[in-house]
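We use all heavy atoms of the structure for the numbers below, so side chains are in, but hydrogens, waters and symmetry mates are not.
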Amino acid sequence: MNQGKVDLKGLSLKQLEQLLLEFGKEKYRVKQLLRWIYQRAVSDFEQMTDLAKVFRRQLAEHAYVSAWQPEAVEESRDGTKKYLFRLSDGESIEAVRIPMDEGRATLCISTQVGCAMQCRFCLTGNFGLTRNLTVAEIVNQVCAAQADAPISNIVLMGMGEPLHNLDNVVAALQILYLDDGLGFGTRRVTLSTSGLVPEIAALAEQVKVQLAVSLNATTDEVRDRLMPINKKYPLAVLLAACRDYTQKTRQKITFEYILIRAVNDSIADAKRLVQLLHGLPCKINLIPFNEHEGSEFKCPAEETISTFQSYLMQRQIITMRRASKGQDISAACGQLKGKLDKQAR
Ligand code: SAH
Ligand code: SF4
């Protein structure tokens with residue numbers, strides 16, 4: 001039914017305005033359209049009652065508004081919710097809603113089906129990349145979750161490497177920021193990357209977003225082993241790109257550091273971390289490794305984690321420990337895989 005029609009969900013402000021012009025409509029009507037689509041979550045043009053009848057008919061002839069319902073929703077004991085979405089080509093992805101303090105909630109969304117980066121500790125990476133998500137597919141995860149329960153922050157930390165799908169991710173962020181749409185502030189959206197150096201520079205030029213970088217090791221030897229991308233962009237090159245980013249954007253970077261038992265959890269690691277990040281405006285998120293089936297790694301002992309954290313805090317580095325929520329429904333970091341099937345590939 002929607003064949004040959006354009007999905008308004010995937011269009012930028014400029015593209016929507018262009019479409020209106022083609023229909024002979026004034027540009028400002030884009031606000032009305034945005035409010036219907038994103039604020040009132042209406043996808044049937046007939047219901048957009050402040051638009052002229054003829055215009056509604058024109059829209060219905062040439063366009064549609066995709067709207068998602070999760071195929072499955074799982075709720076964890078701690079209130080974390082995992083949404084499974086079926087895509088039009090049969091693939092599936094997941095988004096996770098994590099309740100925070102004061103009634104707020106963070107939504108973790110995916111940017112690709114699978115991931116090409118092959119990080120050793122990550123379940124998503126085990127499956128390889130199937131494809132990039134489209135702009136509308138990225139935006140629709142937020143719309144569908146919002147329809148279920150309110151969301152205050154967004155993190156691009158689900159399946160996929162966001163900077164490996166840079167164009168669609170940038171376009172989706174710009175849609176999420178639209179005042180007459182969902183109106184997310186740029187400080188409430190965080191993009192996490194495994195460290196694609198040229199794309200970090202490109203990102204700074206193209207859109208505002210909070211940047212998180214998955215560091216996970218303090219020597220090239222260990223990082224090469226954990227994250228193959230390090231062979232292309234080793235620590236010194238990555239950290240130089242991060243310094244440039246903080247200078248260009250005047251923003252701090254959050255470094256994510258998975259703690260893995262006997263791999264990267266020693267005091268020598270903590271010491272090297274302090275040296276590596278010296279003079280770089282940043283904070284650190286420590287993520288105790290989430291064990292999953294078939295993984296060769298283990299989470300460190302509680303005491304090791306708190307010693308590592310204290311060492312950093314004593315050296316004036318803001319260090320948070322990320323609580324891993326939703327473990328019982330496989331919704332925690334690095335556990336998302338949708339219905340990716342290794343055998344099928
Ligand atoms: N591809 C991006 C964003 C998605 S991964 C990136 O790598 O940054 C989001 C975070 O989950 C990353 O910081 C990653 O290091 C972490 N992660 C992956 N597998 C994990 C696991 N098993 N336990 C804990 N954190 C994990
Ligand atoms: Fe991809 Fe991030 Fe997982 Fe690495 S950690 S495989 S970059 S999703």
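- When atom types are taken as modelled, the side chain of N2 and the backbone of A63 share no donor-acceptor pair closer than 3.5 angstrom.
- Across every non-hydrogen atom of C299 and I305, the tightest pair is SG-CD1, 4.3 Å.
- Residue-environment remark: CZ (R250) stays at or below the threshold of 12 foreign heavy atoms within 6.0 Å.
- For NZ of K5, the number of neighbouring non-hydrogen atoms (other residues, nucleotides, ligands) closer than 6.0 Å is greater than 12.
- The cationic group of R243 does not satisfy the cation-pi geometry with Y245, failing either the under 6.0 Å distance to the six-membered ring centre or the 45° limit from the ring axis.
- A perpendicular orientation is assigned to the rings of F23 and F55, their planes being inclined by more than 60° (bins at 30° and 60°).
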Determine whether S310 and F308 satisfy the following criterion, side chain to side chain contact (heavy atoms under 4.5 Å, CB included), listing intermediate values before the conclusion. CA-CA 6 Å; S310 302; F308 198 96; over 6 Å; no

Pair V135-D167, side chain to side chain contact (heavy atoms under 4.5 Å, CB included): steps then yes or no: CA-CA 9 Å; V135 179; D167 293 349; over 6 Å; no

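- E22 CD: more than 12 foreign heavy atoms inside a 6.0 Å radius.
- For the 3.5 Å distance criterion, the side chains of Y83 and D148 qualify, holding a donor opposite an acceptor.
- Applying the 6.0 Å contact sphere to CD of E221 captures no more than 12 heavy atoms from other residues, nucleotides or ligands.
- Annotation: E296, atom CD; neighbour count of heavy atoms from other residues, nucleotides and ligands within 6.0 Å is above 12.
- Between the side chains of E161 and T193, a donor-acceptor pair is found at a separation under 3.5 Å.
- L286 pairs in a side-chain contact (heavy atoms from CB on, under 4.5 Å) with only one of the listed residues (Q309, E256, R322), which is Q309.
- Here the straight-line distance linking atom CD1 of I229 with atom CE of M117 works out to 5.0 Å at 0.5 Å rounding.
- Using modelled atom types, one finds no donor on one side chain facing an acceptor on the other under 3.5 Å when comparing R272 with Q275.
- Residues D220 and N230 bring a donor and an acceptor atom of their side chains to less than 3.5 Å of each other.
- The shortest heavy-atom contact between M227 and F121 is CG-CE2, 3.7 Å.
- The backbone N or O of Q112 sits nowhere less than 3.5 Å from a side-chain atom of N165 that would complete a donor-acceptor pair.
- Side-chain contact between L34 and D179: absent, with no pair of heavy atoms (C-beta onward) separated by less than 4.5 Å.
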With side chain to side chain donor-acceptor pair (under 3.5 Å) as the test, would you mind laying out the steps for D78 and T80 before giving the verdict? CA-CA 6 Å; D78 61 26; T80 302; 2.6 Å; yes

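- Remark: K27 NZ is loosely packed, at most 12 non-hydrogen atoms of other residues, nucleotides or ligands lying under 6.0 Å away.
- V189 pairs with exactly one of V207, L156, I109, N153 by the side-chain contact (heavy atoms from CB on, under 4.5 Å) rule, that one being L156.
- Under the side-chain contact (heavy atoms from CB on, under 4.5 Å) test applied with Y257, the options T218, I287, N285, T319 reduce to a single match, T218.
- Heavy-atom contacts from other residues, nucleotides or ligands closer than 6.0 Å to CD of Q69 number 12 or fewer.
- Taking every heavy atom of both residues into account, I175 and K9 meet most closely at CD1-O, 3.7 Å.
- At least one side-chain heavy atom of Y177 sits under 4.5 Å from a side-chain heavy atom of T186.
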Just do the side chain to side chain contact (heavy atoms under 4.5 Å, CB included) check on C115 and F127 with the steps written out, would you? CA-CA 7 Å; C115 182; F127 292 86; over 6 Å; no

Stepwise, does the salt bridge (charged side-chain N to carboxylate O under 4.0 Å, His left out) test hold for K14 with E17? CA-CA 5 Å; K14 279 226 169 72; E17 286 173 350; over 6 Å; no

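- Remark: R187 CZ is loosely packed, at most 12 non-hydrogen atoms of other residues, nucleotides or ligands lying under 6.0 Å away.
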